[in-house]
Amino acid sequence: MHFDELVALRRDFHRYAEPAFLEIRTSSIVVSRLRELGLEPLTGQEAMRAETVVDYPTAEQRELFGERAVRTGADAEDVARAIESGTAVIAEVRGNRPGPTWGLRFDMDALPLAESDSPEHAPAANGFRCDYGAMHACAHDGHTAIGLGLAGRLVADNDFAGTARFLFQPAEEGGRGAASMLAAGAVEGVDRFVAVHLGLDEPVGQVSGGIQGLLATTKMRATFTGTAAHAAGAPEQGANALVTAASALLNVMALPRYSTADTRINVGTLHGGDNVNIVPSWARMTLEARSTDSEVSASLTERIKAALRGSGEMHGVAVDVVETGGSATMDCDAELVDAIDAIAAELPGATTTEGFKQMGGSDDASLFAREVQRNGGIATYMTVGGGNTAPHHNPLFDIDERSIEIALDTLERLIRR
């Protein structure tokens, strides 16, 4: 796949960005492209188990995105299949001689974020800004293009040992997609696993063969159920769910941190109540815990739950807490890290970092990696600088598209080597 075609593909995914488990057009285009290469992609139950997902999109949401997908060029049959049984896609390309099975993760989902329409923002200036409330503000559009480009190259020339298994993953944001694919056996038999990420506030082409500091995380949703009452006439007959949630928010954010690991807490959303003169009978909160240590993250999660429920007891409001997603820390194997760094040192347009890239976020690629390592395989998480001037998860985020080809060249050489 030529560079111009890669760029066009990335921009198409960017323009029609879709959030977690609603990547219906994206996955349908992926399936179509893979079939054009002569591959037989796995979808639906063979690629993921939607029934394992907490807060899976409703049928109405999936139908809405499906209608939009068909209107914008996706195959109607592939769209219908994604609506019914999920958006994950798995495909394999076999080399011309025996060797290891590679697992290669490419995430597809966007964020529920309104993209900037500033003329200084390249997608807006060049006509591929997404205009319906979702945005590729974390480079997953580039990742998906890399996956398809790599599949095309390996099909065109299968002179490599083993098998390359492509894992096109939904719902990396929120840490839910990898677990749903693991439930379908996505990395069974995988010997070597690699995830790739573009951007990361690094210069274009700066390659790191591995990362450190990937945070374990638990995502949660808390539902507060109180009792409605007239706010002036009978406030004592009510139980204020919104006040309970607000009190819980402050208690959660005031939890002490740990001396043994770095930790993060965030309350991302809080909604509640019906009207100014009604004691609020309901509130909903989404929040997360993170840590550089998986055990500390689990401990912090339990303390957060206790704080939430304690506020409920204080105000006479029922509190239900559900874990909606999560991921683990990750240890990258030196064999793969060194191989990627050596390739980047030889690759035109690429530079290498000294040591590991330090990460400050989370990624459920760690769940794939841990499963592969648990079964005796090796894994790493490769990063390629995207020259982004705005940070990730920002309405002005964009990547220098040269990073796509550098990542693709690096992965291809890794598999062939």
Side-chain angles (χ1 to χ4, degrees), residues 1 3 5-20 23 25-27 29-31 33-34 87-91 102-111 123 128 130 134-154 164-175 177-178 181 186 193-202 204-205 207-208 211 214 327 340 357 359 361-366 368-369 379-388 392-393 397-412 414-415:
M1 188 179 291
F3 178 65
E5 189 176 359
L6 276 174
V7 168
L9 193 57
R10 177 259 165 167
R11 292 185 179 190
D12 179 73
F13 290 139
H14 190 99
R15 183 179 181 185
Y16 300 109
E18 299 165 303
E23 312 92 337
R25 181 186 185 276
T26 304
S27 66
I29 297 297
V30 167
V31 167
R33 289 286 186 134
L34 293 171
T87 52
V89 181
I90 300 174
W102 292 84
L104 306 161
R105 194 290 300 266
F106 306 97
D107 38 7
M108 301 183 291
D109 59 318
L111 288 149
F128 62 98
C130 186
M135 180 188 173
H136 274 295
C138 203
H140 297 185
D141 49 346
H143 302 168
T144 308
I146 291 166
L148 289 175
L150 181 59
R153 289 188 183 184
L154 296 181
R165 183 181 301 170
F166 292 80
L167 308 171
F168 291 95
Q169 181 200 319
E172 184 279 324
E173 305 292 356
M181 294 183 72
F193 173 81
V194 183
V196 61
H197 210 303
L198 304 177
L200 305 169
D201 308 319
E202 299 281 8
V204 178
V207 177
S208 293
I211 59 168
L214 196 68
S327 62
I340 291 169
K357 164 69 179 174
M359 295 286 282
S362 305
D363 193 318
D364 62 357
S366 59
F368 287 133
T380 195
Y381 189 113
M382 180 181 94
T383 67
V384 179
N388 51 296
H392 288 250
H393 297 202
F397 178 85
D398 189 37
I399 56 168
D400 186 317
E401 291 163 331
R402 292 175 295 170
S403 63
I404 296 173
E405 189 166 37
I406 292 168
L408 173 53
D409 289 344
T410 304
L411 286 173
E412 181 185 7
L414 177 67
I415 290 169

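Below, each value reflects all heavy atoms present in this structure, side chains not excepted, and no hydrogens, waters or symmetry copies. Throughout, residue positions are numbered sequentially from 1 according to the sequence presented.
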Take V196 and M382, measure what side chain to side chain contact (heavy atoms under 4.5 Å, CB included) needs, and give me the verdict at the end. CA-CA 5 Å; V196 61; M382 180 181 94; 3.4 Å; yes
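- Distance alone, capped at 3.5 Å, is enough to place a donor-acceptor pair between the E18 side chain and the R25 backbone.
- For the pair D109 and P19, the tightest heavy-atom approach, listed with the atom from each and the gap, is CB-C, 4.2 Å.
- Between H197 and Y381, the angle of the ring planes stays under 30°, which puts this pair in the parallel group of the 30/60° scheme.
- Annotation: side chain of M181 is in contact with side chain of I90 (closest heavy-atom distance under 4.5 Å).
- Between S362 and E172, the closest heavy-atom pair is O-OE2, 3.4 Å.
- When side chains are defined from C-beta on, H136 does not count as touching C130, because their heavy atoms never get closer than 4.5 Å.
- Taking each heavy atom of H14 and F128 in turn, the nearest pair found is CD2-O, 3.2 Å.
- Although no hydrogens or angles enter the test, the distance criterion places no donor-acceptor pair under 3.5 Å between the side chain of D141 and the main chain of A17.
- H143 places a side-chain N or O within 3.5 Å of a backbone atom of L198 that can act as its donor or acceptor partner.
- Between L154 and F166, the closest side-chain pair of non-hydrogen atoms falls below 4.5 Å.
- Side-chain contact check for T26 versus T87: every heavy-atom pair is 4.5 Å or farther apart.
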Apply side chain to side chain contact (heavy atoms under 4.5 Å, CB included) to the pair F193 and L167, showing each step before the final yes or no. CA-CA 10 Å; F193 173 81; L167 308 171; 4.2 Å; yes
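- Residues M359 and L200 meet the side-chain proximity criterion, which asks for heavy atoms closer than 4.5 Å.
- Considering every non-hydrogen atom in both V204 and S403, the closest pair reads CG1-N, 4.1 Å.
- Side chain of E5 to main chain of G149: no donor-acceptor pair is present (N/O by atom type, distance under 3.5 Å, no hydrogens or angles).
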Mind running side chain to side chain contact (heavy atoms under 4.5 Å, CB included) on T144 and R10 for me, showing each step along the way? CA-CA 8 Å; T144 308; R10 177 259 165 167; over 6 Å; no
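- Distance alone, capped at 3.5 Å, places no donor-acceptor pair between the H393 side chain and the A137 backbone.
- Side-chain N or O atoms of H140 include none that pairs as donor or acceptor with a backbone N or O of A110 at under 3.5 Å.
- Minimum interatomic distance between I146 and L408 (heavy atoms only, all atoms of both residues): O-CD1, 3.9 Å.
- With a 4.5 Å cut-off on side-chain heavy atoms, D364 and R105 count as touching.
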Step by step, would you call E23 with V30 a side chain to side chain contact (heavy atoms under 4.5 Å, CB included)? CA-CA 10 Å; E23 312 92 337; V30 167; over 6 Å; no
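- Annotation: side chain of K357 is in contact with side chain of I211 (closest heavy-atom distance under 4.5 Å).
- Side-chain contact check for F106 versus L411: some heavy-atom pair is nearer than 4.5 Å.
- Residues V384 and A407 approach most closely at CG2-CB, 3.8 Å, considering heavy atoms.
- In terms of modelled atom types and a separation under 3.5 Å, the side chain of N388 and the main chain of I399 share no donor-acceptor contact.
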